[in-house]
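One structure is given here, and the rest of the page talks about it.
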There are 4 protein chains.
Amino acid sequence: MSSSDGLVIIEPVSEYTRQILKLKKIYAVEKTPYQEIVFAELEGFGKALLIDEFVQSTEKDEFIYHELLVHPAMALHPEPKRVLIIGGGEGASLREVLKHGTVEDAVMVDIDEKVVEFSKRFLEVMHRGSFFDPRARVVIMDGLEYVKKTADGTFDVVVMDLTDPYAGPTALPLYSYEAFREIKRILKPEGVMATQAGSSYFYPKEYRQVKENIEKNFKHVAEYWAWIPSFATNVNFIVASDAYDLYGLSAEMFDTRLKSRNVNTKYLVGRRLTAHLSMGVLYG
Amino acid sequence: MSSSDGLVIIEPVSEYTRQILKLKKIYAVEKTPYQEIVFAELEGFGKALLIDEFVQSTEKDEFIYHELLVHPAMALHPEPKRVLIIGGGEGASLREVLKHGTVEDAVMVDIDEKVVEFSKRFLEVMHRGSFFDPRARVVIMDGLEYVKKTADGTFDVVVMDLTDPYAGPTALPLYSYEAFREIKRILKPEGVMATQAGSSYFYPKEYRQVKENIEKNFKHVAEYWAWIPSFATNVNFIVASDAYDLYGLSAEMFDTRLKSRNVNTKYLVGRRLTAHLSMGVLYG
Amino acid sequence: MSSSDGLVIIEPVSEYTRQILKLKKIYAVEKTPYQEIVFAELEGFGKALLIDEFVQSTEKDEFIYHELLVHPAMALHPEPKRVLIIGGGEGASLREVLKHGTVEDAVMVDIDEKVVEFSKRFLEVMHRGSFFDPRARVVIMDGLEYVKKTADGTFDVVVMDLTDPYAGPTALPLYSYEAFREIKRILKPEGVMATQAGSSYFYPKEYRQVKENIEKNFKHVAEYWAWIPSFATNVNFIVASDAYDLYGLSAEMFDTRLKSRNVNTKYLVGRRLTAHLSMGVLYG
Amino acid sequence: MSSSDGLVIIEPVSEYTRQILKLKKIYAVEKTPYQEIVFAELEGFGKALLIDEFVQSTEKDEFIYHELLVHPAMALHPEPKRVLIIGGGEGASLREVLKHGTVEDAVMVDIDEKVVEFSKRFLEVMHRGSFFDPRARVVIMDGLEYVKKTADGTFDVVVMDLTDPYAGPTALPLYSYEAFREIKRILKPEGVMATQAGSSYFYPKEYRQVKENIEKNFKHVAEYWAWIPSFATNVNFIVASDAYDLYGLSAEMFDTRLKSRNVNTKYLVGRRLTAHLSMGVLYG
């Protein structure tokens with residue numbers, strides 16, 4: 001077993017545990033006005049983006065996270081054409097959204113220019129060129145501000161791919177009651193939203209707050225979670241809509257919709273989605 | 001967020017990651033002839049047993065692990081009367097086994113006297129007195145040796161609750177082809193066995209080897225896994241039998257059998273078992 | 001090279017560095033009303049006392065620290081009979097003081113009963129029975145309170161063997177201007193005091209403050225420092241007196257006085273003391 | 001006190017201790033054919049060069065190390081004109097050598113082109129332009145090979161500024177008996193050599209071996225050591241010559257020679273050198 005000596009990241013996984021990750025290479029370390037970002041190659045996990053000491057995405061396992069974030073909401077909507085991604089700077093959520101043949105416009109709004117710039121340069125393995133898809137548009141702007149300036153009923157699907165609700169001040173306002181009210185406003189009546197919401201196990205209070213803020217705004221709210229290996233913890237997802245209920249989406253319908261839109265996945269198939277939805281949330 | 005300064009355990013979760021766990025209290029640290037054992041109170045996880053630097057059980061989340069290890073195999077058997085537990089020194093597997101009203105004899109064989117002695121003293125919260133149940137018997141002996149000395153067709157269920165196949169030399173022989181052959185021999189024809197098998201994600205080669213050794217000996221082999229928060233990783237379980245197939249056990253049947261035997265669980269219900277069985281194994 | 005996995009102490013050596021120390025055995029971990037104390041065996045350093053995450057003394061190198069703290073002040077005084085030690089719970093300063101044949105009474109005042117109790121039990125290798133010397137008396141009491149209640153001109157030498165000025169709130173009041181004024185008051189006119197004062201390199205502001213508080217009370221103030229291997233940093237000492245100047249004590253006189261009092265040392269001889277006094281203080 | 005979370009270096013200071021250093025910025029991380037090099041900015045210590053996980057030089061305290069390595073040997077020689085530096089890639093030893101007005105040629109031989117290239121780019125604060133001094137010449141070559149190809153009696157002073165004898169295989173051959181024989185051969189009869197030799201405290205066996213190899217080749221051998229804050233340990237130096245004895249160099253002579261050659265130092269003055277030489281070596 002290799003030692004943990006040398007260049008490492010010590011990540012505060014929970015209030016009382018840390019993860020030590022070994023670094024093989026460092027592409028960029030930068031303090032932006034919003035956060036501290038690290039683009040690196042991790043031992044065992046490959047290329048990775050870390051924000052404020054938290055692993056965001058690694059080459060080896062980001063597909064689990066991004067497929068779970070994007071496809072349930074997208075599949076729940078019968079024909080998602082206009083999609084908004086808030087955050088998601090490394091381009092992997094955009095990549096998954098664009099897989100859906102129904103999509104005509106995908107707007108990605110990220111507050112941090114540097115994240116996008118370095119992702120383009122170092123994380124091709126994640127964005128896979130999605131930044132340059134003619135249907136895609138990247139806006140550098142505060143997500144909440146963008147939402148506020150957007151007209152009512154603009155989007156079919158909104159995907160929130162932000163840092164954890166407890167990770168720092170940058171993303172926090174986007175998890176508020178007001179933010180979800182605004183997101184609902186810019187969705188069409190049949191619109192669907194999805195968000196990651198951190199770990200319900202290690203941050204039950206923060207998770208419940210996010211869920212409550214969503215429930216006050218949407219009629220149907222579904223929750224599911226997964227263990228992401230490089231996070232050393234689980235992560236929770238919430239999908240909400242006034243029109244559709246994710247708990248009512250059968251495994252078959254999920255598979256059928258993905259297939260009809262030419263979406264290929266490595267992790268998420270209908271059977272697994274159903275399993276995730278049956279698991280129930282874990283509170284620590 | 002509290003810092004990681006002070007008394008901690010640095011746990012080698014995988015070949016390339018570590019977990020740092022904060023210690024609040026230490027009850028005992030001992031190098032036995034077999035392993036190094038630590039009985040402590042962990043920040044956030046409560047009382048805990050660690051063997052050779054690996055978390056085995058913590059007060060807060062051991063029920064997830066022990067319910068998943070014990071009840072699928074027990075529920076799969078229509079009437080488990082005689083049960084053998086190999087390992088399981090802190091008494092929690094024994095506790096779960098004894099919940100089943102059908103059980104008449106439960107033998108627990110652990111190689112390490114010290115683990116059992118200290119568990120009795122410090123981990124009442126885990127064993128819950130199961131060591132003193134009149135149906136229980138604890139044998140201090142090498143598990144494989146015990147199995148070899150046991151007559152054919154002695155047990156209805158065998159539960160292996162050992163350290164990981166890659167954790168060190170003590171448990172390794174019990175994961176071999178020969179060991180499973182012997183375990184099958186001492187099971188009745190309708191017998192069922194269950195084992196934990198480490199993390200298929202971080203140790204795919206070792207996990208596959210264990211699975212292969214089981215498959216060569218049993219007709220029906222089912223696998224499932226779970227994230228255990230204090231492990232900072234997942235853990236895999238395998239249930240095998242010549243008579244019964246866990247994949248064929250419905251959620252309803254699971255719930256019915258547990259109920260008829262007066263088994264109460266905190267985590268595992270039929271719906272969740274089905275979800276676990278549908279998840280598929282993750283290889284890293 | 002052995003890894004740093006397993007049971008360790010992460011010690012905040014400075015504001016920006018940590019030391020990881022491997023633990024072989026733990027004798028006691030206790031949160032007292034004053035501090036958190038750990039009695040352990042450290043890999044490479046042997047038995048050790050840690051207070052509030054800081055190494056205080058280890059079997060292997062405590063003689064360097066305690067000889068440097070005690071003997072310069074003791075040798076500077078022509079005939080130290082009555083000596084007060086404030087702190088010094090593990091008994092090693094007391095041991096060094098009692099080596100001086102001139103000593104008739106040595107009072108050790110420690111605020112923390114538990115430190116003394118466990119030191120008696122686990123650190124015989126340090127106190128060497130000094131607690132039971134008929135000339136020694138241990139008082140469990142706040143050091144400052146003891147000093148305030150002591151009559152003027154009671155002691156020939158006062159040795160302060162406390163945690164660092166920046167280590168926490170327990171020792172801090174004893175490094176104040178008022179505390180040194182009181183210490184001067186209870187010294188005879190020819191009295192000498194010595195204190196450790198933390199690391200001038202990593203805590204220059206805190207060190208200068210202590211020095212200033214001493215200089216305002218005493219005519220002669222001498223300073224010297226040493227690297228203590230198990231501290232992973234240096235530690236500074238200050239000796240003060242109205243009657244004698246340590247800078248004027250020749251190496252020969254130091255050796256002569258120690259010899260005439262039957263004091264044997266492992267580290268400190270006159271030549272080395274002179275070298276320490278010529279080194280000058282390092283500020284980081 | 002800032003936490004140790006985030007980007008850090010875990011440095012194996014000894015067989016049983018580690019130092020955690022916080023990184024503020026990373027300029028370059030590179031695996032060369034010889035070693036792994038990191039150019040970074042450390043919290044508290046400023047710009048720094050690390051080789052194979054060991055701190056080599058930091059902006060804040062490298063002057064202590066480099067003045068102690070270079071000036072005793074240089075001052076011991078009455079008129080050093082031709083000087084060879086083996087290793088010393090960041091250019092700080094070269095900087096100190098060139099301060100001596102007597103120097104006409106200074107050759108620096110480093111095996112690792114990358115160390116020199118990145119030092120030129122990122123560590124101006126260390127080399128201070130010395131690479132571009134007309135008296136300086138940098139040769140990229142294995143040090144021992146260079147020495148072997150050099151004619152008898154070429155240099156007045158040889159300074160070895162290598163990684164520790166126990167740090168890895170790259171520098172080790174240069175600490176052998178044969179290497180010192182060759183170094184003596186290329187020195188003039190009145191020549192002087194100096195080397196760092198790692199920590200005698202944490203690696204007594206390795207240090208003694210180096211000293212023995214030098215003693216077998218030179219008539220006069222002097223040793224001294226210092227605590228280097230960013231190393232979290234001490235470092236030992238050895239100066240050897242057939243003509244001159246460093247123990248015989250008075251503080252006054254040291255100061256006079258430095259002054260006459262227009263050498264300014266921040267740490268090392270005659271009084272301090274004498275103190276270092278009187279300290280005696282510490283073996284752990």
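Numbered from 1 within each chain, the chains take letters A, B, ... in sequence-line order.
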Closest non-hydrogen atom pair, A:V29 against D:K24 = CG1-O, 4.3 Å
The side-chain contact (heavy atoms from CB on, under 4.5 Å) partner of D:L7 among A:I26, A:L7, A:L50 is A:I26
Report the C-alpha distance between A:D5 and D:R18 in whole Å, list the side-chain angles of each, state the deciding distance to 0.1 Å, and finish with yes or no for side chain to side chain contact (heavy atoms under 4.5 Å, CB included).
-> CA-CA 8 Å; A:D5 294 337; D:R18 298 287 185 280; 2.6 Å; yes
Around atom CD of A:E113, are there more than 12 heavy atoms of other residues, nucleotides or ligands at under 6.0 Å?
-> no
List the atom pairs, with distances to 0.1 Å, where a side-chain N or O of residues 171-180 of chain D and a protein N or O form a donor-acceptor pair under 3.5 Å, not counting sequence neighbours.
from   : atom 1 : to     : atom 2 : distance (Å)
D:Y175 : OH     : D:T163 : O      : 2.8
D:S176 : OG     : D:P173 : O      : 2.8
D:S176 : OG     : D:A179 : N      : 3.1

Structural part of D:L23 lying under 4.5 Å from a heavy atom of chain A = side chain
D:K120 NZ: over 12 foreign heavy atoms closer than 6.0 Å | yes
Just jot down the salt bridge (charged side-chain N to carboxylate O under 4.0 Å, His left out) partners of D:K211, sequence neighbours excluded, or say none.
-> D:E223
CD1 on A:I20 to CD1 on D:I20, rounded to 0.5 Å = 7.0 Å
Region of A:V8 that comes under 4.5 Å of a non-hydrogen atom in chain D = both
